[in-house]
Amino acid sequence: QVQLVESGGGLVQAGGSLRLSCAASGFTFSTYTMGWFRQAPGKEREFVSSNRWTGDSTYIADSVKGRFTISRDNAKNTVYLQMNSLKPEDTAVYYCAAKRGTTGWGISSLYDYWGQGTQVTVSS
């Protein structure tokens with residue numbers, strides 16, 4: 001069975017930091033592009049960040065550039081999202097996702113597997 005399990009979400013004050021983790025199983029992690037998406041109340045799901053098999057190529061949304069960093073550990077089948085300088089507008093449910101190949105990294109409909117999401121709430 002394919003599983004993506006997110007952890008690390010919670011409540012944090014503006015300016016604080018959180019580190020999200022996504023543990024994957026049931027597929028060949030090292031051959032998949034891993035991505036993070038988020039969805040806030042009343043808004044569409046949006047792309048946050050992704051990286052390729054080795055982590056050499058990373059992509060990040062303009063809204064979080066300079067504050068968020070994606071990384072992966074293929075030996076542990078885990079992808080991380082380090083979030084710094086958090087703002088109230090970062091409040092959302094954050095989803096981990098996986099897709100085969102390296103194209104379409106920012107398109108949610110092209111991802112094959114999804115986690116259940118973890119809530120991130122940033123207070124002011």
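When a residue number appears, it is its place in the shown sequence, counting from 1.
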Trainee: Does Arg19 make a cation-pi contact with Tyr80 (under 6.0 Å, within 45 degrees of the axis)?
Mentor: yes
Trainee: Hey, is the main chain of Cys96 close enough, under 3.5 Å, to the side chain of Glu6 for a donor-acceptor pair?
Mentor: yes
Trainee: Kindly indicate whether the side chain of Arg67, heavy atoms from C-beta on, has any atom under 4.5 Å from the side chain of Lys87.
Mentor: yes
Trainee: Hey, are the side chains of Phe68 and Asn84 touching, using non-hydrogen atoms and a 4.5 Å cut-off?
Mentor: no
Trainee: If you compare all heavy atoms of Leu86 against all heavy atoms of Leu18, which two are closest, and at what distance to 0.1 Å?
Mentor: CD1-N, 3.9 Å
Trainee: May I ask you to test the Met83-Leu20 pair for a side-chain heavy-atom distance under 4.5 Å?
Mentor: yes
Trainee: Are Thr91 and Gln119 close enough that some pair of their side-chain heavy atoms sits under 4.5 Å apart?
Mentor: yes
Trainee: Got a donor-acceptor contact below 3.5 angstrom from the Thr78 side chain to the Lys76 backbone?
Mentor: yes
Trainee: What I'd like to find out is whether the side chain of Thr69 reaches to under 4.5 Å of the side chain of Leu81, using heavy atoms alone.
Mentor: no
Trainee: How close do Ser49 and Ile70 get, heavy atom to heavy atom, and via which atoms?
Mentor: OG-CG2, 3.2 Å
Trainee: Establish, for the pair Arg52 and Tyr59, whether the NZ or CZ atom is under 6.0 angstrom from the six-membered ring centre and no further than 45 degrees off its axis.
Mentor: no
Trainee: Do you know which two heavy atoms are closest between Ala14 and Pro88, and how far apart they sit?
Mentor: CB-CD, 4.2 Å
Trainee: A cation-pi test, strictly: NZ or CZ of Arg100 under 6.0 Å from the centre of the six-membered ring of Trp105 and no more than 45 degrees from its axis. Yes or no?
Mentor: no
Trainee: Tell me if a side-chain donor or acceptor on Thr33 pairs with a main-chain N or O of Gly101 at a distance below 3.5 Å.
Mentor: yes
Trainee: Does Gln116 reach the side chain of Tyr95, with side-chain heavy atoms less than 4.5 Å apart?
Mentor: no
Trainee: Could you pull out the closest heavy-atom pair between Ala24 and Leu4, with the gap in Å?
Mentor: CB-CD2, 3.4 Å
Trainee: With a 4.5 Å cut-off on side-chain heavy-atom distances among I, L, V, M, F, W and Y, is there a chain of contacts connecting Leu110 to Phe29?
Mentor: no
Trainee: Do Val2 and Val79 share a hydrophobic cluster, counting only Ile, Leu, Val, Met, Phe, Trp and Tyr and linking them when any side-chain heavy atoms are less than 4.5 Å apart?
Mentor: yes
Trainee: Kindly assign one of parallel, tilted or perpendicular to the pair Phe47 and Phe37, based on the angle between their ring planes and the thresholds 30° and 60°.
Mentor: perpendicular
Trainee: Could you report the tightest heavy-atom contact between Ser30 and Arg72, atom names first, then the distance?
Mentor: CA-NH2, 4.2 Å
Trainee: Under the rule for salt bridge (charged side-chain N to carboxylate O under 4.0 Å, His left out), what residues qualify as partners of Lys65, not counting sequence neighbours?
Mentor: Asp62
Trainee: With heavy-atom distances below 4.5 Å as the criterion, would you say the side chains of Asn51 and Met34 are in contact?
Mentor: yes
Trainee: According to the ring-ring contact (aromatic ring centres under 6.0 Å, His included) rule, which pairs have a member within residues 6-28, sequence neighbours left out?
Mentor: Phe27-Tyr32, Phe27-Tyr113
Trainee: For residues Ile60 and Tyr94: do they belong to one hydrophobic cluster (side chain heavy atoms under 4.5 Å, members Ile, Leu, Val, Met, Phe, Trp, Tyr)?
Mentor: yes
Trainee: Report the C-alpha distance between Lys99 and Ser109 in whole Å, list the side-chain angles of each, state the deciding distance to 0.1 Å, and finish with yes or no for side-chain contact (heavy atoms from CB on, under 4.5 Å).
Mentor: CA-CA 10 Å; Lys99 70 178 297 294; Ser109 62; over 6 Å; no
Trainee: Checking Arg45 against Val93 for the side-chain contact (heavy atoms from CB on, under 4.5 Å) test, could you report, in this order, the C-alpha distance in whole Å, the side-chain angles of both residues, the deciding distance, and whether it holds?
Mentor: CA-CA 9 Å; Arg45 181 170 51 187; Val93 177; over 6 Å; no
Trainee: Is there a side-chain contact between Gln82 and Ser17 in this structure, where contact means two heavy atoms from C-beta onward sitting under 4.5 Å apart?
Mentor: yes
